[in-house]
There are 2 protein chains.
Amino acid sequence: MPARSYGQYCGVTTAVELIGERWALLIVRDLLVGPRRYTDLKQGLPRIPTNILSTRLKELQEGGVVRRVPLHGCGLAYELTPYGRALEPILLALGRWGFPAMGDPDEGDVVTPDSLTMALRTAFRPDRARDLDLELHVGDVALRVIVRGGVLAVARLSPPAPPIGGVLPAGEAEAVLVAGPGIRRLIGGEITPAEAVAQDVVALVRGEGRILDAFAQTFHIDPLPA
Amino acid sequence: MPARSYGQYCGVTTAVELIGERWALLIVRDLLVGPRRYTDLKQGLPRIPTNILSTRLKELQEGGVVRRVPLHGCGLAYELTPYGRALEPILLALGRWGFPAMGDPDEGDVVTPDSLTMALRTAFRPDRARDLDLELHVGDVALRVIVRGGVLAVARLSPPAPPIGGVLPAGEAEAVLVAGPGIRRLIGGEITPAEAVAQDVVALVRGEGRILDAFAQTFHIDPLPA
DNA sequence: CCGGATCCGAATCGATACTG
DNA sequence: CAGTATCGATTCGGATCCGG
């Protein structure tokens with residue numbers, strides 16, 4: 001019936017009709033980090049036109065992927081439904097798939113707190129994880145990254161004002177890591193931690209050198225078939 | 001640089017820029033079944049405009065997802081690169097995710113041989129699989145479905161002219177199953193095989209009744225969180 | 001018949017402005 | 001803060017056309 005339907009009775013087609021429109025999956029990506037207000041989403045997706053953002057949110061609600069929730073006290077937020085949250089493994093796999101094709105950032109490309117958080121989740125290897133507690137700085141984004149017993153927790157330090165459920169861990173991190181876009185090559189195993197430091201793609205501002213090794217082992221994406 | 005970029009340096013964003021355009025993922029879906037000629041793809045995607053099909057094929061080639069291969073003797077075909085084939089688990093997961101949202105077919109929706117083949121793959125449970133050899137008819141699509149030792153093989157019987165690598169299994173299938181769209185409810189566990197027969201959503205034209213039970217156990221998609 | 005290229009109206013997207 | 005309104009720029013969809 002809808003003119004814009006793919007005209008097939010198939011699960012993939014249905015999925016693409018629900019989350020295949022432009023920007024939709026990036027909205028889901030940010031909501032996987034936590035509930036977000038309209039303005040949070042707009043900031044996390046700097047290039048999205050506001051009319052597209054509201055259209056997508058409406059469509060995702062109709063599709064049962066997203067719902068609106070009143071924010072304790074005042075305002076409102078969008079969050080994934082359980083059905084929407086079931087996209088998490090798919091989005092992580094998609095992020096891993098896209099990783100080798102990232103190349104170098106285009107001029108004007110940004111890294112947002114939510115995209116970096118999800119990037120850490122895509123690269124996280126529970127099986128090889130070492131315990132960690134560090135601050136990761138990329139551009140003006142700063143995250144607190146804590147790994148304990150194979151479980152990853154990421155909290156946003158800056159830009160501040162953790163959107164909704166942001167709970168700041170107490171105490172100081174063991175290390176502070178400042179990275180540029182080249183950190184992709186460390187995660188991808190193209191270079192070793194030592195080379196990464198030598199080539200200035202990361203700098204260990206505070207903490208012991210072995211922490212960088214633990215980081216590289218814990219966050220890693222294997223090369224895909226060329 | 002590209003005006004249509006999402007402006008973020010992130011694996012998910014990169015992936016969506018490679019395969020997020022309209023129709024792209026459905027082209028990948030069909031190519032996961034096997035190499036296809038331009039005309040095969042056009043027939044498998046009846047509503048795709050031809051200019052979109054050629055544009056997407058060009059983009060997918062530039063992205064390293066698809067490549068052109070000369071067809072033994074004459075003509076040419078498109079096939080997935082190893083990198084493109086790495087999308088298979090993601091597409092299967094997407095098909096499973098979309099499955100519960102399929103509802104009933106819209107008027108004019110079609111089922112194609114490739115989409116049905118992929119649907120069987122998404123629903124296939126190697127762990128619970130029982131050996132099977134049957135013909136499955138849905139609309140005017142007929143497939144030969146063979147499960148041996150937890151391995152699924154699907155061949156296209158009709159519409160005939162298996163596009164490229166179609167190898168027809170020798171001999172006769174043990175059973176012939178004719179199904180309508182309601183087979184979704186059997187796969188989803190909403191109804192039992194007995195109910196499916198009683199409600200005419202499937203008909204066992206030939207073969208023993210236990211084959212239908214084996215089919216329902218082998219092809220199953222669990223409900224997702226509402 | 002195969003593998004597209006071209007043309008054009010319709011729908012969507014992107015950018016900016018504006019409002020309760 | 002949370003969107004709507006507007007409008008030009010793109011893209012999509014449908015049809016036709018063309019060279020092998």
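Worth saying up front: this structure is predicted, and the values here are computed from it rather than measured. To find a chain, count down the sequence lines: A is the first, B the second, and so on, and within it residues start at 1.
In this structure, B:R22 forms a cation-pi arrangement with A:Y6, its terminal cationic atom sitting closer than 6.0 Å to the ring centre and no more than 45° off the ring axis.
Nearest-nucleotide mapping onto DNA chain D: of B:E21 and A:A77, the residue sitting toward the 5' end is A:A77. Two residues, A:R22 and B:K58, neighbour DNA chain C, and the one matched to the more 5' nucleotide by heavy-atom proximity is B:K58.
For D:dC1, neither phosphate oxygen OP1 nor OP2 lies less than 4.0 angstrom from any side-chain nitrogen or oxygen of A:Y78. Between B:Y38 and the phosphate of C:dA5, there is no side-chain N or O to OP1/OP2 separation shorter than 4.0 Å. Distances shorter than 4.0 Å separate none of the side-chain N or O atoms of B:R47 from OP1 or OP2 on D:dG14. An OP1 or OP2 oxygen of D:dA2 is reached within less than 4.0 angstrom by no side-chain nitrogen or oxygen of A:R68.
When distances run from any side-chain atom of A:P49 to the nucleotides C:dA17, D:dT16, C:dA15, the shortest one goes to C:dA15.
In this structure, B:Y6 places its OH atom 10 Å from P of C:dC13, rounding to the nearest Å. The distance between atom CD1 of A:I48 and atom C1' of D:dG3, rounded to the nearest whole Å, is 13 Å. The separation between B:R4 atom CZ and D:dA9 atom P is 16 Å, rounded to whole Å. With rounding to whole Å, A:N51 atom CG is found 17 Å from C:dA11 atom P. The interatomic distance linking A:L26 (CG) with C:dG14 (P) rounds to 11 Å, in whole Å. Rounded to an integer number of Å, the gap from A:R37 CZ to D:dC1 P is 6 Å. To the nearest angstrom, P of C:dC1 lies 11 Å from NZ of B:K42. A:I52 has its CD1 atom 16 Å from the C1' atom of D:dA2, to the nearest Å.
Side-chain atoms of B:T55 and base atoms of D:dT11 include no donor and acceptor less than 3.5 Å apart.
In the displayed structure, B:E17 atom CD is contacted under 6.0 Å by more than 12 heavy atoms of other residues, nucleotides or ligands. Few gaps surround CD on B:Q61; more than 12 heavy atoms of other groups in view lie less than 6.0 Å from it.
Backbone-only engagement by B:S54 is indicated by non-hydrogen atom pairs under 4.0 Å involving sugar-phosphate atoms exclusively. At the heavy-atom level, A:T39 lies under 4.0 Å from the strands shown only through sugar-phosphate atoms. Residue-level contact check: B:L53 touches neither bases nor backbone, having no heavy atom under 4.0 Å from any strand.
Taking each heavy atom of B:V110 and B:P46 in turn, the nearest pair found is CG2-CG, 4.2 Å. Heavy-atom minimum distance, B:S158 versus B:D140: OG-O, 3.2 Å.
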